Each structure stands twice: as structure tokens, then as C-alpha cells.
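Read the numbers this way: they start at 1 and go in the same order the structure lists the ligands and their atoms. What you see is a predicted model, and the numbers here were worked out from it, not measured in a lab.
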Amino acid sequence: MIDSSKASLAIGVGLTGAAGFMTGCSQTQKMEALNARLWAPSYDQTPLPYDWNALEPIIDKETMNIHYTKHAATYSKSVKEAMAAESVNGGATSITQLLGSIKKYTSKMRNNAGGHYNHELYWQLMKPGGDKTPDSKLMEAINRDFGSMDAFKKAFEDAGKARFGSGWVWLIVNKDGNLQVVSTPNQDNPLMDIAETKGAPLLAIDVWEHAYYLKYQNRRPDYLTNWWNVVNWSVVKSRFEVVG
Ligand SMILES: [Fe+2]
């Protein structure tokens, strides 16, 4: 286990001052540049920044343990297998770079590179007890683009309810610099060149059944609603300060 404040700090270090460096870039180049400046995990799993039971009663100990040690561990293992088979040098290629060119690789690479990145981000976006809603430029942007925090949360939860089968819901900064809620199937994400809507991810929730079924069974809406109580807004804010 590692200290969550250190994890948050690691995500935020050196990530300020994004504005101004993108003048003259195309929208695609802009999104690539923004995402390159966000924290990118290695291809190994980062230690979970809290104990297995630390998110109870929102997410139970057994779900966290199986999710991290079985599901997420398999994505990390399998993406490295795919990289070896497809001649991707992890020392020279960051995972954000890999995701940004994912269409030229196999479905094994796509599923597992996405799965690894998505879960590494998801763990960092939660903390025991959560944070208060951010009083910052992020709140101003949420109010500007959604009308209110409640309206944003409704849009986010509605996208989670509407995702058929397995997938993720994201709050992104899109190519126009606005906040937007999007959903991706399976282990896809908005960094991928094949994504319907590309963007820089700020917040993400896993709506695969393995993320909630032991506690919530078929009640995905309850998981979505309760999840706000463990959101680590300080990490979301740090990410927004890079790309907002
Ligand atoms: Fe998951």
C-alpha cells in the first residue's frame, strides 16, 4: 500500500501551465499533447493506495480484492504479453502513446492496454471518505458546461445506466476545451484513436459487473449514486489543472 496523498502528489507534480503551448496545433495534436502531460501509469500495477476495505461501505473488501488482484492484474499481465508479441518497447512507448495509436494493434492489445490504463486511473480516482466537491476552476467549468454539479452528476449517472453490457463512463476535456460526459464499451477509453469522442480523461467509473455485482447485484444505479462518496476530487482537480 502507498500513501494516497503521495499518489495524488505524484499525479500532480510538474503538470501545471498547459495553457499557451498548443498554439497552432491541430485538434488531434492538441489532444495528444494534453494527454501526454497527464499522469501515465507504467505497464505494471501501481500498489493500491488504500486498504482493501477502505472504501466500505461503498465498495466492499472482497470486490476490491478480486478486482485488483484478478481482473486488473490480468490486464497488466496480458498487455505485456501483447507488447512482446507485437514488438512494442514499453521503455520507449508510454501507455498514452500506445492508446493513441491502438488501431494498428490486435484486439488483445486494445482490450488489455485499455484495461490496464483504465483500472490504474480508477484506483487513483477514489479515496476513503471521498473529498468534498472541489471549490476551484473545475467547479466553474462544471457549472459552465453542465449548469450545476447536480446536473453533471445526473448526466454521468445516466451514461452509466445507459451503457449496455460492460464499459466505462468518463468526464473528459474534449477537443474544444469543454467538459463532456462520454461512455466507452468494454475497455476502450477516450485516449484511443478509435474512440468515438476523444478527450483528456479527468474522471472515470468502471461499470463492468465485476466492479459492483457482489454488493449491488443488478442495482448498477445504486453503485453509481453511492460512488460519489469515495471520489477523490483533488486528483480530478489536478488533472483538470493540466488540461483545462
Ligand atoms: Fe474493472
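Vertex the Fe ion (ligand 1); arms to His210 NE2 and Asp206 OD2; angle rounded to 10 degrees, 120°.
Figure legend: cation-pi geometry between Lys132 and Trp233 absent, as NZ or CZ is not positioned both under 6.0 Å from the six-membered ring centre and within 45° of its axis.
Taking 2.8 Å as the threshold, His71 does not count as a candidate ligand of the Fe ion (ligand 1), since none of its N, O or S atoms lies below it.
For His67 and His210, the ring centers sit closer than 6.0 Å to each other.
Taking the Fe ion (ligand 1) as reference, the nearest N/O/S atom within His67 carries the name NE2.
Between Trp123 and the options Tyr50, Trp52, Tyr68, Tyr117, a ring-ring contact (aromatic ring centres under 6.0 Å, His included) holds for only Tyr68.
In the displayed structure, Glu62 atom CD is contacted under 6.0 Å by at most 12 heavy atoms of other residues, nucleotides or ligands.
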